[in-house]
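Here is the structure we will look at, set down as structure tokens.
All values reported here derive from a predicted model rather than from experimental measurement. Whatever order the structure lists them in is the order used to number ligands and atoms, beginning at 1.
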Amino acid sequence: MGLSEIFVQTNRQTEFIDITSKVQSEVSSNSILSGLVTIYCPHTTGAVTINEGADPAVKEDILSVLNKIIPWDYDYRHLEGNSPAHIKSSIIGESVTVIIEGGKLQLGTWQKIFFCEFDGPRKRRLWLKFMK
Ligand code: ZN
């Protein structure tokens with residue numbers, strides 16, 4: 001199986017975007033009934049995470065704390081000026097792997113998969129690799 005790709009248009013400098021339905025669509029169109037999917041972010045100022053999707057305040061709280069502990073105003077050396085975004089990307093991580101069973105992503109009741117934008121707005125891509 002090859003590599004699948006999904007695209008995400010972000011609208012703010014930092015935000016979490018629910019990509020669960022996009023990932024599920026790829027699982028379905030690739031006819032994967034049982035296996036694993038790794039969702040990989042090939043960007044150094046973005047990340048992927050799984051967390052609560054029912055209450056939008058959860059993602060806002062995560063972003064709020066990240067913005068507090070990794071401030072924009074600090075004596076960073078990276079000349080591009082977006083070091084906080086690089087640091088958040090490394091802390092959250094570049095990929096997650098999700099179990100697929102019965103053709104469905106196996107996520108907990110409250111779980112959603114999020115693309116994490118830390119230096120937007122931008123058009124981002126994510127790579128999906130299926131393992132049967
Ligand atoms: Zn940079």
Worksheet item: Looking at residues at least two apart in the chain, or sitting in another chain, which of them share a ring pair (Phe, Tyr, Trp, His ring centres under 6.0 Å) with Tyr76?
Response: Tyr74
Discussion item. According to salt bridge (Lys or Arg N to Asp or Glu O under 4.0 Å), does anything in residues 112-126 pair up with another residue at least two apart or in another chain? List the pairs.
Written reply: Glu5-Arg125, Glu117-Arg124, Asp119-Arg122
Practice prompt. Sort and list the pairs that fulfil salt bridge (Lys or Arg N to Asp or Glu O under 4.0 Å) and have at least one residue in residues 70-94, not counting sequence neighbours.
Written response: none
Response to the item:
In Leu107, Leu36, Thr38, Val23, the residue satisfying side-chain contact (heavy atoms from CB on, under 4.5 Å) with Val98 is Leu107
Item to complete: Indicate whether any N or O donor in one side chain lies under 3.5 Å from an N or O acceptor in the other, for Glu60 and Ser64.
Response: no
Fill in: Closest heavy-atom pair and its distance - Thr20, Leu105
O-CD1, 3.8 Å
Item to complete: Give every protein N, O or S atom lying under 2.8 Å from the Zn ion (ligand 1), naming each by residue and atom.
Response: His78 NE2, Glu80 OE1, Asn82 OD1, His86 NE2
